[in-house]
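Only one structure is covered here, and it is reproduced in the block below.
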Protein chains: 2
Amino acid sequence: MALRSAGLNLTAQRIAILDTVTHRPHSTADDIYRAVTERLGSISHQAVYDTLSTLSERGLLRRIQPSHSPARFETRVGDNHHHLICRTCGDVRDVDCAVHHTPCLTASDDHGFSIDEAEVIYWGICPTCTAADATARG
Amino acid sequence: MALRSAGLNLTAQRIAILDTVTHRPHSTADDIYRAVTERLGSISHQAVYDTLSTLSERGLLRRIQPSHSPARFETRVGDNHHHLICRTCGDVRDVDCAVHHTPCLTASDDHGFSIDEAEVIYWGICPTCTAADATARG
DNA sequence: AAGATTTTCTGGAATAGTTCCAGATTCAGA
DNA sequence: TCTGAATCTGGAACTATTCCAGAAAATCTT
């Protein structure tokens, strides 16, 4: 199991958190807190935050931090995918790299930086919200 | 003047803020507050935040919100440039689009969204911090 | 099973950045 | 000069997150 190979002890909390994020990608810490509480009976906020940090550090989770949103987590790590977020409902979708093979890690001018990540977020309005808006306007 | 053509009254505060951001791109609200205070004698935090919001809404400023950083503002709007940020010192540089002509607005799969912005941030370590780190390690 | 270590717990305080309030005042433009 | 826009003061509120510190519990090792 992933936790084991990352050198982490197996605890009910870690398993539940990892599993929750696997089934509900792009969850916030609070989403996770609620899901795990339901599943285990209870968990502390600190345990959730601690675990999310640990799992992110060890590379089992990827943390994404969209503007005006709490951090979100996903288990799809190691590839170069990006995100598409609805400005209205906040829905997050995965998007594969537009130009393929980690192209986004290549800036046109790197200013001498050693770049380790390209964070790409597409912002727009999802079809559902577009439809709802059209309906509301009559 | 830009303020005028955006239909905004000319006030000393707005002029000073716009001017400050022009000369110091990627300023935070607090940077701006301090610079304008020095320039005008005083300004309120609220006026700074109000003005930054107004100018951003009217398209005179672009707001960027890097993770773990307060919002930053710049007057370079309307083009499709991105940002390169040093993880160590927080230095922000402009980067032209890697693939040219607003390519970044094109996701490989738009999921039916109407995309209006592609936010691209390259993360890395700047040459100065790399050098400093090498020196510190001896 | 015991011991050592890791993890989680409670619960409260603190933080940063920003927004909101509400009423008074000042200012720009017509 | 008038009107509405903009700004002011000053304090409270907010969200997401981190930090604290010691106690308790669970996990892994032997």
Side-chain angles (χ1 to χ4, degrees), chain A residues 1-21 26-58 60-73 85 90 92, chain B residues 1-21 26-37 39-58 60-61 63-73 85 90 92:
Chain A
M1 140 161 284
L3 284 167
R4 173 60 14 108
S5 44
L8 295 172
N9 286 353
L10 285 178
T11 69
Q13 290 83 351
R14 285 176 174 168
I15 293 169
I17 287 174
L18 202 46
D19 199 60
T20 298
V21 179
H26 315 132
S27 288
T28 63
D30 192 59
D31 293 338
I32 295 163
Y33 171 79
R34 279 202 282 256
V36 173
T37 296
E38 202 170 303
R39 182 164 165 165
L40 300 183
S42 77
I43 190 172
S44 67
H45 284 279
Q46 287 66 17
V48 172
Y49 280 109
D50 285 354
T51 303
L52 289 174
S53 301
T54 306
L55 299 186
S56 299
E57 272 166 25
R58 304 297 175 103
L60 303 185
L61 290 182
R62 177 172 165 196
R63 164 187 228 129
I64 52 183
Q65 300 253 56
S67 307
H68 309 117
S69 161
R72 291 165 179 276
F73 298 85
I85 309 182
V92 180
Chain B
M1 140 162 282
L3 285 166
R4 171 63 13 106
S5 44
L8 295 171
N9 286 353
L10 284 177
T11 69
Q13 290 84 349
R14 286 175 174 169
I15 293 168
I17 288 174
L18 201 46
D19 199 59
T20 298
V21 179
H26 314 133
S27 289
T28 63
D30 192 58
D31 292 338
I32 296 163
Y33 171 79
R34 279 202 281 257
V36 173
T37 297
R39 182 162 162 165
L40 299 184
S42 77
I43 189 172
S44 65
H45 284 279
Q46 286 65 18
V48 173
Y49 281 110
D50 285 355
T51 303
L52 290 174
S53 300
T54 306
L55 299 186
S56 299
E57 272 167 24
R58 305 297 177 102
L60 302 185
L61 291 182
R63 164 187 227 130
I64 52 183
Q65 299 255 52
S67 306
H68 309 117
S69 160
R72 291 166 179 276
F73 297 84
I85 309 182
V92 180

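First the proteins, then the strands, lettered A, B, ... as listed; each starts at 1.
In this structure, B/Y49 reaches the C/dT18 phosphate: one of its side-chain N or O atoms is under 4.0 Å from OP1 or OP2. A/T11 has a side-chain polar atom (N or O) that falls below the 4.0 Å cut-off from OP1 or OP2 of C/dT8. Considering only side-chain N and O atoms, B/R4 lies under 4.0 angstrom from the phosphate OP1 or OP2 of C/dG29.
Residue contacts shown for B/Q13 are limited to sugar-phosphate atoms, with no base heavy atom under 4.0 Å away. Counting non-hydrogen atoms under 4.0 angstrom, A/T28 reaches nothing in the nucleic acid. Nucleic acid contact for B/A12: none, since no nucleic acid atom lies under 4.0 Å from a heavy atom of the residue.
The end-to-end axis angle of the helix from C/dA1-D/dT30 to C/dA30-D/dT1, rounded to 10 degrees and based on five pairs per end, is 50°.
Atom OG of B/S27 sits about 8.0 Å away from atom CZ of B/R72, to the nearest 0.5 Å. With rounding to the nearest 0.5 angstrom, the CG atom of A/L8 is 11.0 Å from the CD1 atom of A/I15.
No donor-acceptor pair under 3.5 Å is formed between the side chain of A/T51 and the backbone N or O of A/V48. B/R14 contributes a side-chain N or O that, together with a main-chain N or O of B/N9, makes up a donor-acceptor pair within less than 3.5 Å.
The residue among B/T51 and A/P70 whose nearest nucleotide of DNA chain D lies closer to the 5′ end is B/T51.
Of the candidate nucleotides C/dT7, C/dT18, C/dC20, C/dC20 has the atom nearest to the side chain of B/Q46.
Less than 4.0 Å separates DNA chain C from no heavy atom of any residue of residues 31-41 of chain A.
Between the side chains of B/D31 and B/T28, at least one donor N or O sits under 3.5 Å from an acceptor N or O.
The distance between atom CZ of B/F73 and atom C1' of C/dT18, rounded to the nearest whole Å, is 10 Å. Whole-Å rounding puts the A/H45 NE2 to C/dG12 C1' distance at 13 Å.
Heavy atoms of other residues, nucleotides or ligands lying less than 6.0 angstrom from CD of B/Q65 number more than 12.
From the 5' end on, the contacts that DNA chain D makes with chain A at under 4.0 Å to a non-hydrogen atom open and close at D/dA16 to D/dC28.
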